[in-house]
Number of protein chains: 2
Amino acid sequence: MTSPNDAARRPRYLQVREQLVARIQSGAWAPGQLIPSEIDIAKQFGVSQGTARMAVTALVAENIVTRRQGLGTFVYEHTREDELERFARVFNGRERIDADSRSWQPVPAKASRVERRELDLVAGCKVLRIRRVRVRDDIPFILERISLPEALFPGLAAHHELPDMLYGIYQRACAVMVVEAEERITAVLADRSTAKALRIAAGTPLLRIERVARALQGKPVEWRVSLCHLSADAHYLARLK
Amino acid sequence: MTSPNDAARRPRYLQVREQLVARIQSGAWAPGQLIPSEIDIAKQFGVSQGTARMAVTALVAENIVTRRQGLGTFVYEHTREDELERFARVFNGRERIDADSRSWQPVPAKASRVERRELDLVAGCKVLRIRRVRVRDDIPFILERISLPEALFPGLAAHHELPDMLYGIYQRACAVMVVEAEERITAVLADRSTAKALRIAAGTPLLRIERVARALQGKPVEWRVSLCHLSADAHYLARLK
DNA sequence: CAGTGGTCTAGACCACGTG
DNA sequence: ACGTGGTCTAGACCACTGC
């Protein structure tokens, strides 16, 4: 049954979707937590199971929620494996490269012009900066600079040793759920300091990957620039559909 | 009602999906053609509209078919705009770069070892090779080698001038529908002949993009290697979800 | 076993594009 | 006005998981 004075004529299932997002965003439903069954959702919102299901399906498509048959539907939780699968696009032959990383402690600073633009911040905002080298079999191959809006990541500066995959930390320690990212890729030559950090010759061609990661509502929450020295048959893999 | 002796217990909607794919693959429904309405499909296969709809939804997700509200559902047709949107990932600032191309006529040849591996061909198979330079404002910026299994592209060698976007031609002239692709990306230095073709200095860093495009059933139908000279704020854009 | 998501039905009405 | 896809209902049974 559709109510007579329908709010802006938005489909019911999208309205339900929005309410569900709100509960997740508010933290009422924590990462990894079981959310109500489709039938319960239907009852709570006064819609049929089919409509509740459409709402949940939308969330699944956005990676906000995960369905497990026979178990239930859970708030998406970043795991190491998951983050590798979704966000680590550098491969060695057919194998995904998983790296270790050696990072400096996050450093607070006033956001630069570029940081303000990429992270959608106003003048005067502060950021946390992380620098690190990612290694594979003790061989450094990615030099990385990461910037985060300080306001969204309270307490992160206290972390001394950060893991290689960060989005689990963002989610658990700071309640920031990364749901998508864009990467802009170019080819550059290693300058002297980069070459030194990666233990290669200056002038070696590198892949420069600039990523902006976004949370719910498309809010940019991380800007990172990675300089990658790809050996032999290593490459960045993109899927086009 | 589900029949008692259900074929391999595959969901009905997937069985319907398969039948629809078969009709498209056979050419019974041509590119751009209107396919039967969901209600007609439901009647033809003896299922409800909901089930027919699930089958069509699966095809939409695979880019095999396109829904247009109020009009109907159509077999996917590669247009220039569409191919740009889906497959041209090189941008200049926020704008997608659309190029012109100057191509040599396709040349038949015996498939090399690499071509056999990438295109999944047996020894002795032949390929068509296309070489071209893609230009923007009369400035060459991509040098490209393309290999196609000759068996799938009869008559293509007769084409003298090929457009920059090829998948429309593949589809209309050769009934090959590209539905997905993978790109492996690395950074390389321009060698002498590449530098000459792109009118740049040898040793300039280039983006090397190696693409395998696939048709229905995951069959590889095109292998291409692009060497891209990206100026100023040009870049390759990847979306991660 | 009970409860979940996954599939499926047989309807209904709405929103949209074309004639 | 008509036919399309888009939304929605109120059921049903199946397949899977954990207890």
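We name chains A, B, ... by the order of the sequence lines, and we start the count at 1 in each one.
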(message) Please list, in numerical order, the residues of residues 51-63 of chain B that have a heavy atom closer than 4.0 Å to any atom of DNA chain D.
(response) Arg53(B)

Atom [atom1] of [X] and atom [atom2] of [N]: how far apart are they, to the nearest Å?
X	N	atom1	atom2	value
Leu14(B)	dA15(D)	CG	P	14 Å
Gln49(A)	dG6(C)	CD	C1'	9 Å
Arg12(A)	dA15(C)	CZ	P	14 Å

(request) Check whether NZ of the Lys or CZ of the Arg Arg68(A) lies under 6.0 Å from the centre of the six-membered ring of Phe74(A) and within 45 degrees of that ring's axis. (result) yes

I want to check one thing: is the phosphate of [N], taken as OP1 and OP2, less than 4.0 Å away from some side-chain N or O of [X]?
X	N	answer
Arg68(A)	dG5(C)	no
Thr73(A)	dT4(C)	no
Arg67(A)	dT4(C)	no

(message) With the threshold set at under 4.0 Å for non-hydrogen atoms, list the residues of residues 27-40 of chain A touching DNA chain C in residue-number order.
(response) Ser37(A), Glu38(A)

(request) Look up atom OH in Tyr167(A) and atom CD in Gln171(A), then write down how far apart they are to the nearest 0.5 Å. (result)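 Output value for this atom pair is 12.5 Å.
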
I'd like a table of atom pairs between the protein and nucleotides 16-19 of chain D - only N or O on both sides, under 3.5 Å - with the distance next to each one.
unit_1, atom_1, unit_2, atom_2, d
dC16(D), O4', Gln69(A), OE1, 3.4

(request) Indicate yes or no: does Arg145(B) engage Glu115(B) in a salt bridge with an N to O separation below 4.0 Å. (result) no

